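Here is the structure we will look at, set down as structure tokens.
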Amino acid sequence: MIDINLILNETEKVKQALAKKGCFADLSEIIQLDGERKALIRRTDALKAERNAASAMVPKLKKEGKDVSEIIARTRMIGEEIAAGDKKLSIVAEKLSDLVSRLPNLPDDDLLPGEKENNKVIKVFGTKPEFDGYKPLDHVSLCAKSGLIDYERGTKLSGAGHWIYRGKGAQLEWALLNFFISEHLSDGYEFILPPLALGYDCGYGSGQFPKFVEEVYWVENAEESDRKKMKFMLPTAETALVNLYAGEILKEADLPKKLFAYTPCFRKEAGSYRAEERGMIRGHQFNKVEMVQITTPDKSKEAFEELVNKACSLMEKLGLHFRLSKLAAGDCSASMARTYDIEVWIPSMGIYKEVSSVSNANDYQARRNGTRYKDANGKNTFVHTLNGSGLATSRVFPALVEQYQQPGGSIIVPEVLRKWTGFDKI
RNA sequence: GGAGAAAUACCCAAGUGGCUCAAGGGGCUCCCCUGCUAAGGGAGUAGUGUGGAUAAUACUGCAGCGAGGGUUCGAAUCCCUCUUUCUCCGCCA
């Protein structure tokens, strides 16, 4: 949620920033509605003050045996006016908050405008693996060959976009998660296992709703139109973590909060790239460890660097070839002011695929869900929220088996995972 | 899933229509007295949101007693819906 005062006071600046993200919303309607809202508040508040004063006199006059019917008649009329004013106010206020809440976050000043074509590779880690004298297999074949993943029975149980980790595949998957978890623990992050089905407010508070209400799985009777009372399966643990302190006022001394969670993530991924993205590149359910920091505005740049470094460090320790990209304004998701993607090399596809997205929402999410802290001057201030995958296994797994494959389709297990897998080769 | 009870500030808690713009404790902050592993006296302590007016965190209106509605001139108090917690019953692949 963008600060309404910023829209009022620096309209042009906001307009230009939104344009960088490809949003050309009409701000004048917002400004006009806010004026209306304030005028209505002034009027009804004055009426309420009048009614309060008049009502307060009633018991005194009654005691003195005076006739109060005139006062009561008048305050009744005032009451009707107040009711009408309040009704109008709530309509205006709701319209206003709906418009403002649909605006995406303002991108940081240093971002290029536009979409993917303006993303910039910042750094490349490692080199593409060489496959001397043999043709490397894609991860689907590799996994099938070693029985790591059971695609057929996955779709049998739950349809397209679902797979089953089996045997050593399950062990490798779990080893990755254990590795990520142990790294975050040693960096002093708090381990969170949140509910997987969340209420509407979490979706709104993270900035994913109302935009993505159709992209998540709703748990309770889907016919029901009132989604605000329903639960949905979380599409990422970010949705839970950034709402952990919603509505609370934290102490500055307790910040930053450094959290991470392991959850499966559930996404409809309707109408997507199935043919191109075989195997587990894009599924309806995948495992992810998500990092979140909740911090003061002055520390948020620092926190962002930390999260980017952490994500890169995980990839480096796995020994995978990947690159780090800075996204253009339009390619950042709506809630985010800045995003860096970590993309891993998938040899069979000949492209880099996202394994982690590290983002800073600034105070956009905090404004939506009401997470604040009391600063040194005793003023309540919105926190900054940051999140980053650390990491999503559904992309790491295929990259790993492809990059570590040997002639004949065997796979070397990266050193750091061996204490979790218990084997060094598949 | 059913029945009953509850929700007031940092904590405990009074309060069944105006005398509560929420009593009283505890805790915390400040002051005084005493003087040192004590004790006593006094003052302060409703955050927050949202308007107005500001140099201002000074001042002021409104809202606010779990949330949202309703009744009323007036609601913490009466009514309805919801949420959460507790107790009991049921269910438990």
Side-chain angles (χ1 to χ4, degrees), chain A residues 1-9 30-101 157-158 194-205 219-221 224-232 240 243-254 296 363 366-383:
Chain A
M1 182 96 81
I2 300 176
D3 184 359
I4 180 84
N5 292 313
L6 205 61
I7 296 172
L8 296 176
N9 302 330
I30 288 173
I31 292 167
Q32 188 236 323
L33 278 170
D34 189 60
E36 245 174 82
R37 183 183 68 92
K38 283 176 178 162
L40 282 165
I41 288 174
R42 271 197 297 273
R43 201 166 136 259
T44 54
D45 278 6
L47 288 170
K48 283 174 189 172
E50 193 182 340
R51 180 179 66 182
N52 288 347
S55 278
M57 286 166 58
V58 171
K60 209 192 293 175
L61 294 176
K62 263 190 185 165
K63 210 185 264 176
E64 292 168 8
K66 290 186 180 155
D67 179 29
V68 292
S69 59
E70 204 173 304
I71 289 187
I72 288 179
R74 208 177 84 232
T75 41
R76 182 182 289 142
M77 275 176 61
I78 295 173
E80 279 163 17
E81 251 185 282
I82 291 171
D86 276 347
K87 198 165 188 182
K88 227 189 268 179
L89 175 62
S90 77
I91 291 168
V92 169
E94 194 172 327
K95 181 100 191 283
L96 177 65
S97 98
D98 183 60
L99 285 177
V100 176
S101 73
L157 296 191
S158 196
L196 304 182
L198 301 174
Y200 184 92
D201 287 346
C202 288
Y204 180 84
V219 173
E220 290 154 88
N221 38 338
E224 195 178 323
S225 57
D226 194 359
R227 291 242 153 92
K228 302 205 164 140
K229 290 179 191 149
M230 292 162 62
K231 291 190 178 79
F232 63 97
N243 284 292
L244 202 58
Y245 300 100
E248 297 185 32
I249 299 172
L250 302 165
K251 292 190 198 124
E252 185 166 5
D254 293 337
T296 55
D363 64 0
R367 281 181 184 279
R368 292 174 86 93
N369 66 35
T371 310
R372 292 172 295 169
Y373 75 100
K374 211 171 262 302
D375 71 14
N377 301 318
K379 201 177 158 218
N380 294 327
T381 310
F382 290 105
V383 298

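All values reported here derive from a predicted model rather than from experimental measurement. Residue numbering restarts at 1 for every chain, and letters A, B, ... go by the order of the sequence lines.
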Tabulate atom names and distances for all N/O pairs under 3.5 angstrom spanning the protein and nucleotides 70-76 of chain B.
{"unit_1": "B:rC73", "atom_1": "OP1", "unit_2": "A:R76", "atom_2": "NE", "d": "3.3"}
{"unit_1": "B:rC73", "atom_1": "OP1", "unit_2": "A:R76", "atom_2": "NH2", "d": "2.4"}
{"unit_1": "B:rC73", "atom_1": "O4'", "unit_2": "A:I72", "atom_2": "O", "d": "3.4"}
{"unit_1": "B:rC73", "atom_1": "O4'", "unit_2": "A:T75", "atom_2": "OG1", "d": "3.3"}
{"unit_1": "B:rC73", "atom_1": "O2'", "unit_2": "A:S55", "atom_2": "OG", "d": "3.1"}
{"unit_1": "B:rC73", "atom_1": "O2'", "unit_2": "A:T75", "atom_2": "OG1", "d": "2.9"}
{"unit_1": "B:rG74", "atom_1": "OP1", "unit_2": "A:R51", "atom_2": "NH1", "d": "3.2"}
{"unit_1": "B:rG74", "atom_1": "O4'", "unit_2": "A:S55", "atom_2": "OG", "d": "3.3"}

Next on the checklist: Please determine whether a side-chain nitrogen or oxygen atom of A:N52 lies at a distance below 4.0 Å from atom OP1 or OP2 of B:rA63.
Outcome noted: yes
Checklist entry - If you measure from the C1' atom in B:rC88 to the same atom in B:rG70, how many Å do you get, rounded? => result 33 Å
Checklist entry - Considering only the C1' atoms, how many Å lie between B:rG26 and B:rA13, rounded to the nearest integer? => result 10 Å
Next on the checklist: Tell me the interatomic distance from A:Y373, atom OH, to B:rU48, atom C1', rounded to whole angstroms.
Outcome noted: 18 Å
Checklist entry - Can you find a pair of side-chain heavy atoms, one from A:E81 and one from A:R43, that are under 4.5 Å apart? => result yes
Next on the checklist: Please give the distance between the P atoms of B:rA9 and B:rG47 as a whole number of Å.
Outcome noted: 13 Å
Next on the checklist: Rounded to whole Å, how long is the line connecting atom CG of A:D86 with atom P of B:rC62?
Outcome noted: 13 Å
Next on the checklist: How close do A:E248 and A:L244 get, counting heavy atoms only, and between which atoms?
Outcome noted: OE2-O, 3.7 Å
Checklist entry - How would RNA chain B look in dot-bracket form, 5' to 3', counting Watson-Crick and G-U wobble pairs with both distances under 3.5 Å and writing | for bases paired to another strand? => result ((((((((.[[[..)..(.....]]]((((((.......))))))..(((((......)))))..[[[[[..)....]]]]])))))))....
Item to check | Distance, C1' atom - from B:rG17 to B:rU71, rounded to whole angstrom | outcome: 12 Å
Checklist entry - To the nearest 0.5 Å, what is the distance between OG1 (A:T371) and CG (A:N243)? => result 7.0 Å
Checklist entry - Taking the side chain as C-beta and beyond, is there a heavy-atom pair between A:M1 and A:Y204 under 4.5 Å? => result yes
Checklist entry - Which nucleotide in the set B:rG61, B:rG52, B:rU48 lies at the smallest distance from any side-chain heavy atom of A:R42? => result B:rG52
Next on the checklist: Check A:D363 with A:R367, please: is the shortest side-chain N to carboxylate O separation under 4.0 Å?
Outcome noted: yes
Checklist outcome for this item: The answer to which of A:D34 and A:N380 contacts RNA chain B further toward the 5' end, by nearest nucleotide, is A:N380
Next on the checklist: Just so I know, are the side chains of A:D34 and A:I7 near enough to count as touching, which here means a heavy-atom distance under 4.5 Å?
Outcome noted: no
Checklist entry - Can a side chain N or O of A:K374 be found less than 4.0 Å away from OP1 or OP2 on B:rG47? => result no
Next on the checklist: Rounding to an integer number of angstrom, what distance separates B:rA76 and B:rA63 when you compare their P atoms?
Outcome noted: 10 Å
Checklist entry - Can A:E50 and A:I82 be said to form a side chain to side chain contact (heavy atoms under 4.5 Å, CB included), step by step? => result CA-CA 11 Å; A:E50 193 182 340; A:I82 291 171; over 6 Å; no
Next on the checklist: Can you check the distance between B:rA53 and B:rC21, where both ends of the measurement are the P atom (answer in whole Å)?
Outcome noted: 28 Å
Checklist entry - Are the side chains of A:N369 and A:D201 in touch, meaning some heavy atoms are under 4.5 Å apart? => result no
Checklist entry - For A:I41 and B:rA63, what is the distance between atoms CD1 and P respectively, to the nearest whole Å? => result 13 Å
Next on the checklist: What's A:R43 touching, base or sugar-phosphate or nothing? Going by heavy atoms closer than 4.0 Å.
Outcome noted: nothing
Checklist outcome for this item: Between the OG1 atom in A:T296 and the CG atom in A:L250, the distance rounded to the nearest 0.5 Å is 11.5 Å
